[in-house]
Structures are given as C-alpha cells and as structure tokens.
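Values reported hereafter were calculated over all heavy atoms of this structure, with side chains retained and with hydrogens, waters and symmetry mates removed. Computed from a predicted model, the values in this text were never measured in an experiment. Chain naming here is simple, since letters A, B, ... match the order of the sequence lines and numbering starts at 1 in each.
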2 protein chains.
Amino acid sequence: MNDTSTPYFEELNDELVVVFNNVMWIEEAALKQSYFSDITLKDMHTIDAISMYSEKSASQVAKMIHLTPSAMTTAIDRLVDKGYIERRRSDKDRRVVRLGLTHKGRVVYRAHQEFHRDLTHNLLKDMQESEIQTVRRAIHNLVSYLRNVRNIKGEPWNI
Amino acid sequence: MNDTSTPYFEELNDELVVVFNNVMWIEEAALKQSYFSDITLKDMHTIDAISMYSEKSASQVAKMIHLTPSAMTTAIDRLVDKGYIERRRSDKDRRVVRLGLTHKGRVVYRAHQEFHRDLTHNLLKDMQESEIQTVRRAIHNLVSYLRNVRNIKGEPWNI
DNA sequence: TGATTTATTTCGATAGTCAAACTAAATTGT
DNA sequence: ACAATTTAGTTTGACTATCGAAATAAATCA
C-alpha cells in the first residue's frame, strides 16, 4: 500500500516533527539543570564520540561530529579545562593527539547514555515483542534512508 | 513484559541515537546544498514557527523556539534582510511585531515540510496498516514522555 | 495623570565557528 | 640520506549568534 495514504500519516508526521525539533532542545535543557551544567549538548556529542574505552585522535572525533580541525582544537581546550577529557600525544606518531575521558567525563557519558535508554524505553512502552520488531524495522528504515541521503551528498558521516 | 529485556533493545537504542544525533546535521547539510543555502537550520525553525497562515508576534515565536527576545530581534533582522519574512507592526497594539512569511519564505517552508514528510514516508516503508498503527503508538509514547520531561522542568515548550 | 507592565530593540560582552597561515612530525622519491 | 610533500594539530583574525541589562515606546491600571 502507499503509506502516505494512511489516515494517520499526517498525525504521525506532525508528532515526528515535534520529536526532531525538540529532542535536542530537551537534551540541552536537561543538561543545564543537571550537575553537568557547564557543558553544552555539542560538548556532550564530543564526549560521546570519544566514548568509553577506545582512544581516538582529535581528527577522527572532528570528522564524526562534523567540526573543522580548528574548531575541534578549541572544543578540546574547553573540555580539558573543565576536566572532562584528556589530551595525550601519541608515542607512535607524535603529531597525533589521542583523546580519552577522565573520571568526570565517564560519569557524564554514562548519564547521557541513560538519557537515551530512557527515550528508547519509553518509545517501547507497553509493547509486545512482535510490536517491538515492527518499531525496530521502522527505525531501521529511517536510518537506511538517512544513510542514503548522506551518500547522495557525498559527505562523511558518523554512523 | 519489560521492554528493556528484548534482545533488540540495544540495537534499537543505538539506531535511535544515530537518528537523533544526525537528523539535525543532515537537515543542515541538505539546506546548505539547496537553493536556500543562505539560511541555517535555526533560521528554518524560525520560519517553521511563523508558519504558513497564522500571523504570530515576535515574542510568541521566541518562546516557541526558545530564544530570548533580543536574540529573536536579530534573527528576524537576518531573515527580513534575506527576504524570507516580513515584519509588520500590529494596528491593535503598536508595540507588537507581527511576523509573516514572504513568497520566498513560503517556498522554503513547504520544502522543509516535504523533507519531513519524506522522513515519515521512509519510516513507514513497506508497512501494513496495522504496523503503521504500532509505529504511531510508539512515536506517541515518545512525545508523551518528552512532554512530561518538559513539565517536570517547568519550561515552556512548543508542542 | 502618573506608575507599572508589556513588547521589542539596542548595546556590550562572550562563545563557537571557520578559513588561512603556521608549526612540527612523518613519509616519499630520488 | 635528505629535500619535498603530506599529515595532524594549533594559532590567529574575522564573523555570527547568543545573552543579559538598559533603553524605548506603547498600553493599561490605580
């Protein structure tokens, strides 16, 4: 069937717009009210890209979150000053800066993950296994489409 | 059942994170490559808040998109200069500025709506009516939850 | 009418971004 | 081996978006 013909298409579309236009803002606001009010959502994404265990170079992280190298440098400065991440020069190649989370960084990282797990938990509220499969398929459709848009544009992307 | 126990929870969660972390960026990038490369996604949200028919005051729009009045003023200046919106002093109350879209503004507005309808269309790809209902329920769950978070924080919100 | 409230604007300060120039280290070609 | 090139990151200067505080202007209230 043509899925745009369902009577619920408009309603669903409107709610999706609400979600997309507001998740970021809510995330930002939640952060401001938390113990970690000194970082922005963009900072959080930097921390998220560095992630728990694997050390990444500054330029790897820059690509993942679509920042230029110079903007990455100042973003790192900020987060180092605030005590969330560490900068270490690689021994193998002394040009590269390896990034890692400090204890404080790991704490926010986990809190942020928890925020997202909460969202997913609530998305699936009161759903049966078969329904969860359907939702999973829908989200997977969306990710595939976005991946595709990215390829058309020929830009790097952090998926 | 406890929905966090489904074996697909982690997978779904990861994909959702991908969607949230990237939709904004993709939207931004798509805009940059379009005919409307002179506006940012934030500008687009301003245009979206003004919307097609109902004229809104500057402060109403500011609240909807979580900008301070002063930031709203300069955002409006920007978009007036670029020819997307119009500023008209209300006759009823000459303090208030009523905002409306120009022809150009209405064109981007529709293009942006089309972008979102595309997302929804792809979310529902190859789904049957009953499955669409399930997805709709899931998204509705999420919106309710976000609305709730907003209320807890006691902040205004544009839903 | 004078005081207060409301809607918006202006101003000064700050933060984040980019592009271009630069430094330092590694790699390549001869 | 070593000069030229490439790569990784930093610095600098310019620009834009944002905020908070003060200013302006219009409406409303006592």
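Paired with A:Y109 under the rule side chain to side chain contact (heavy atoms under 4.5 Å, CB included), one option of A:E114, A:K104, A:M52 passes, and it is A:M52.
We find the OG1-CD distance between B:T120 and A:E11 to be 12.0 Å, quoted to the nearest 0.5 Å. Note that the CG atom of B:D48 and the CG atom of B:L101 stand 9.5 Å from one another [nearest 0.5 Å]. Atom CD in B:E15 sits 7.0 Å away from atom OG in A:S144 (nearest 0.5 Å). Annotation: the span from B:L16 atom CG to A:L123 atom CG amounts to 5.5 Å, rounded to 0.5 Å. Between the NE2 atom in B:H45 and the CG atom in B:D43 there is a gap of 10.5 Å [rounded to 0.5 Å]. The line from OH of A:Y8 to CG of B:L124 is 13.5 Å long, rounded to the nearest 0.5 Å.
Between A:Q133 and A:Q128 the shortest side-chain heavy-atom distance does not fall below 4.5 Å. A 4.5 Å side-chain heavy-atom check between A:V18 and A:D14 finds every atom pair outside the cut-off. Residues A:T46 and A:M72 have side chains in contact (heavy-atom distance under 4.5 Å, counting atoms from C-beta outward).
Ring pair A:F20/B:F20 is perpendicular by interplanar angle, where above 60° counts as perpendicular and below 30° as parallel.
If you walk DNA chain C from 5' to 3' and mark each nucleotide with an atom closer than 4.0 Å to a heavy atom of chain A, the marks span C:dG16 to C:dA26.
Computed from coordinates, the A:E28 CD to D:dC19 C1' distance equals 14 Å when rounded to whole Å. Rounded to an integer number of Å, the gap from CG of B:D38 to P of D:dT16 is 13 Å. Remark: C1' of D:dA17 and CG of B:L41 are 14 Å apart, rounded to the nearest angstrom. Between B:I65 atom CD1 and D:dA17 atom C1' there is a gap of 12 Å when expressed in whole angstrom units. Nucleotide D:dA25 holds its C1' atom 8 Å from the CZ atom of B:R89, rounded to whole Å.
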Can you name the atoms? Protein N/O to nucleotides 27-30 of chain D N/O, anything below 3.5 Å, with the distance.
residue: D:dA27; atom: OP1; partner: B:R94; partner atom: N; Å: 3.2

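Against DNA chain D, the stretch residues 69-87 of chain B makes heavy-atom approaches under 4.0 Å through B:S70, B:A71, B:T74, B:R78.
Contact annotation: B:K42 does not reach the phosphate of D:dT16 (side-chain N/O to OP1 or OP2, under 4.0 Å).
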